[in-house]
Amino acid sequence: RQLMIRLLYLSAYNLFGLLGWAHILFQVVSLVASGNITTLWKDLGTEVKYVQTSAVLEIVHALLGLVRSPISRTIPQVLSRLAIVWFAMDPLYTHTDPASPSKAFAVESHYWIGIMTLTAWCFAEIIRYTFYGLNSIDAKLVPFPVLFLRYSAFLVLYPIGVTGEILCAWSTKPLLEAGKCASVGGLLSGCPSGPIAYLWVFLLCYIPGLPFLYLAMLGERSKRLYPKPAPKLAGVVFPTSKAGDRSTTSAAKDVFAAAAEAVDKESAEKVRKEKNWRFGYARHVVQNLRLSARSEESALAVARAGLARLYETFDFIRPDGSSVKLGQAVKEKPAQPFETHTVRGTRPRPVKSEIKVAYKCFHTGVEKELSGAALEEQVDKWVQWGTIEPDCGEAIKEAVRNPEWTNLSNKYFVLLGATSAMGPFLLLKELGAHIIAVDIDRPAVWKRIIEQVQDSCATVTFPTKVKVAGQTGEELYKICGCNLLNQVPEVVHWLTSNVPTICNGQPVTIGGYTYLDGELHVRVNLACDACIQALVESYGPKNVRIASLCTPTDAYLIPDAAAAAARDNLARAPLWQKLLQAALAPLKRLVPNQMPPVKAANGDVLNMMDGLVIPQGPNYAFAKRLQQWRAVVARSMGCTVSINIAPATATASVVHNKQFAAAYGGMHVFKPMEIFYQETSNAVMGALLIYDIHSPNSAANSQVKLRNPMELFSRNAFHGGAMRCLYKFTSVGEIAALVFYMGSYGPAVGVSLAA
């Protein structure tokens, strides 16, 4: 229903824009044909104002996530047009000549400038609204001529339109000098001091603005009209659907249905009948959690069925192009197995080591390095504010109070995706661990790994394509590493053959830290899972610890205290948030972070949270669910499983997206949310990993009793406030971004208006 309302609204808006600009174009052509261009604004001014001002809604659409338009392009485009219409065209064509009040200021050349500008706008908007109108219904409805014009017409229309805009604005200079400014429909009276300065600032904005928009559209043109050919499929791939393609939607629905069917056939059928998986997947992920929460048996049945279906259906494409099921591929002995090489650090282990956290507050920018009592004090503040759970705070403090735990010289860690931004490589290196590194076979990656380990007290062992026989430097880097996605059988064979020897029979911790975009994230996580499963089976559950990171943007069982805190925070919400909550309720924004609890088969009442962020997409949720299923199954087998929720983190890949960066910048207004920098997240998640592999009291220990296996993910949660936030994570992003923009640009606008 919500999707239908969204579609109807956007269709109506796009139709309004299309018809509005088409009518304006018709009238412009009629005026030119009649030779009566001096009545341009008298005949068209009101309509142009209405149609162009309605484009403000496009900023709202982008902020609320109704469309995918980047806010960084939408805002300048809309505001510059509004400035031209209300502050240039309107006074240009309505004011009298300052030198001769009985005459109109605009002369024929001014009208031709307006005609040039409006004509370019009309063609651009007719094409744009036609494209958006069809695309919002179904991308397949967009005919190629419309697609071509959408991403080609701007090559001519942008320069014409911008030239007209600049000339329109410059033509108002005599009026500004005479104190005749725009009234904006009577809202403004008189001129601000120094109006010419405002004109110059506005015009100078075109210098960076036009290239920015033009280059962005050129990039879109290249991507849409001349897309790169899809890379040849290899390695772990999605299964072939009934339609003959490798649909991610079909595969995800099939796996989730199989998982649900293990305990509830009705839920499985609903998954299969879902018609809009891209936007409807979240309800099925939540239902998957509800089914698992019924009992320990249900959780295990769901997880086992989901994992089994993945290995039964996903394919592995060999280098020769032949295909087998993944479950069979991982059992094959490779024709060319990897060799092994070890590099040892040259530095002695420090006499004293401790947990250190580089903490820079994302909101205030205050930066400090924390350790010992200072770190414990900050941990207590996070707990008190609700940013982390109390048991997480105690876990970090226990790690701080046991500095001997930081001696990892006799500990072994397999890192799948060793150099991942959120992985523990740097921490383990500093603490002297023996790292068994699996990473992409790129010389630059291995140069970084090897040089960093050499300048430490750690040891790193890794696969090589050929036996190392004296190679150093670039010659060594070129033969290191592997492609985990495409070489699963080789990596599985290398790990199962070498880990017991490398570790001298001691326990090993294996962690999957890989990340790729879109459907690749599912594929590479499944490749990691194949390695983990094989190592557990070959080396034994008691000898294998599993490590991973959960995201706060998922569905979880949560502690009773966290659910109560979310309700309390909602009751104490600032007035402006309550008013916005009421106003935006139909748009599903600022949705209270409250869900009906699950009543388990034994009578336990288990609270839940839904932190799923729809724009992240179903593939991301699919990959994270796979990790949770593996954790549940492995823990039931006796493995220690360290899988803690990490906070929303401002990694370079995240803040590169200006909309995400803006949302992060305003998130602090929703108690108790806090965004963390990568250095802080790495340090605190590393501390929790150290706690999990040392403390017998950690929930990671399979002997620690849980009410339900799915509670594992809410223990020691460093969630950044997501569990206790008054609103659902998925419903605050756009408002947080708006708060950030108002805080960043509002004061400047206020000063300007006051001046």
Side-chain angles (χ1 to χ4, degrees), residues 234-235 318-319 330 332-349 408-420 423-514 524 527-528 530-532 534-535 538-539 543-544:
R318 299 187 181 105
V330 296
E332 295 178 349
K333 186 175 181 179
Q336 293 183 315
F338 289 119
E339 298 289 345
T340 303
H341 187 61
T342 297
V343 172
R344 291 178 172 82
T346 58
R347 290 181 176 272
R349 188 183 182 279
L408 301 182
S409 57
N410 60 344
K411 295 292 189 292
Y412 301 86
F413 297 83
V414 176
L415 301 186
L416 304 174
T419 57
S420 168
F425 173 77
L426 294 177
L427 176 68
L428 299 180
K429 171 184 70 74
E430 291 303 316
L431 299 180
H434 190 138
I435 301 167
I436 302 168
V438 176
D439 214 322
I440 191 71
D441 50 348
R442 293 175 185 162
V445 170
W446 286 97
K447 174 181 171 65
R448 185 164 69 251
I449 290 174
I450 291 172
E451 288 185 349
Q452 289 185 347
V453 169
Q454 286 175 331
D455 189 33
S456 75
C457 57
T459 301
V460 63
T461 299
F462 49 88
T464 59
K465 297 180 179 69
V466 297
K467 190 174 182 63
V468 177
Q471 298 98 319
T472 59
E474 293 299 327
E475 293 302 312
L476 173 60
Y477 308 146
K478 285 192 293 187
I479 63 172
C480 298
C482 58
N483 187 317
L484 179 57
L485 194 60
N486 295 349
Q487 297 177 297
V488 175
E490 289 85 349
V491 177
V492 164
H493 180 266
W494 183 78
L495 287 171
T496 55
S497 301
N498 289 280
V499 164
T501 303
I502 295 169
C503 299
N504 297 312
Q506 297 299 308
V508 64
T509 301
I510 180 169
Y513 298 100
T514 55
V524 76
C528 288
C531 296
I532 293 170
L535 193 57
S538 65
Y539 199 33
N543 282 329
V544 179

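Sequence positions, counted from 1, serve as the residue numbers for this chain.
Put simply, CD on Q487 and CZ on R318 are 14.5 Å apart, with the number rounded to the nearest 0.5 Å. Note that OG1 of T340 and NZ of K467 are 8.5 Å apart. Values are rounded to the nearest 0.5 Å. Separating the CZ atom in F413 from the OG1 atom in T509 is a distance of 4.5 Å, to the nearest 0.5 Å. In this structure, the separation between SG on C503 and CG on N410 is 11.0 Å, given to the nearest 0.5 Å. How far NZ of K411 is from CG of L431: 11.5 Å, rounded to the nearest 0.5 Å. Atom-to-atom distance recorded for L415:CG and I436:CD1 is 9.0 Å, nearest 0.5 angstrom.
Between P443 and Y477, the shortest heavy-atom distance links the atoms O-CB, 3.7 Å. Pairing each heavy atom of V438 with each of C482, the nearest pair is CG1-SG, 3.6 Å. Taking all atoms of both residues into account, the shortest heavy-atom contact from Y539 to Q506 is OH-O, 2.7 Å. Across all their heavy atoms, V453 and V343 have their closest contact at CG1-O, 3.8 Å. Scanning both residues, C531 and V491, for their nearest heavy atoms gives SG-CG1, 3.7 Å. When all heavy atoms of T464 and V468 are compared, the closest pair comes out as CG2-CG2, 4.0 Å.
Taking the side chain as every heavy atom from C-beta outward, H434 and I502 approach each other to under 4.5 Å. Residues K429 and V460 form no side-chain contact, since every pair of their non-hydrogen atoms from C-beta on lies 4.5 Å or further apart. Considering only heavy atoms from C-beta on, Y412 stays 4.5 Å or farther from V499 through its side chain. A heavy-atom distance below 4.5 Å is found between the side chains of L416 and I532. Side-chain atoms of H493 and K333, non-hydrogen and from C-beta on, do get closer than 4.5 Å to each other. N483 is listed as a side-chain neighbour of I440, based on a closest heavy-atom distance under 4.5 Å.
Using a 30° and 60° split on the angle between ring planes, F462 and W446 fall in the tilted class, from 30° to 60°.
In this structure a side-chain-to-backbone donor-acceptor pair under 3.5 Å is missing from T461 to T342. Under the 3.5 Å distance criterion, the side-chain polar atoms of S420 are matched with a main-chain donor or acceptor of Y513. Between the Q471 side chain and the A469 main chain, a donor and an acceptor come within less than 3.5 Å of each other.
Surrounding CZ of R347 are at most 12 heavy atoms belonging to other residues, nucleotides or ligands under 6.0 Å away. In the displayed structure, R442 atom CZ is contacted under 6.0 Å by at most 12 heavy atoms of other residues, nucleotides or ligands.
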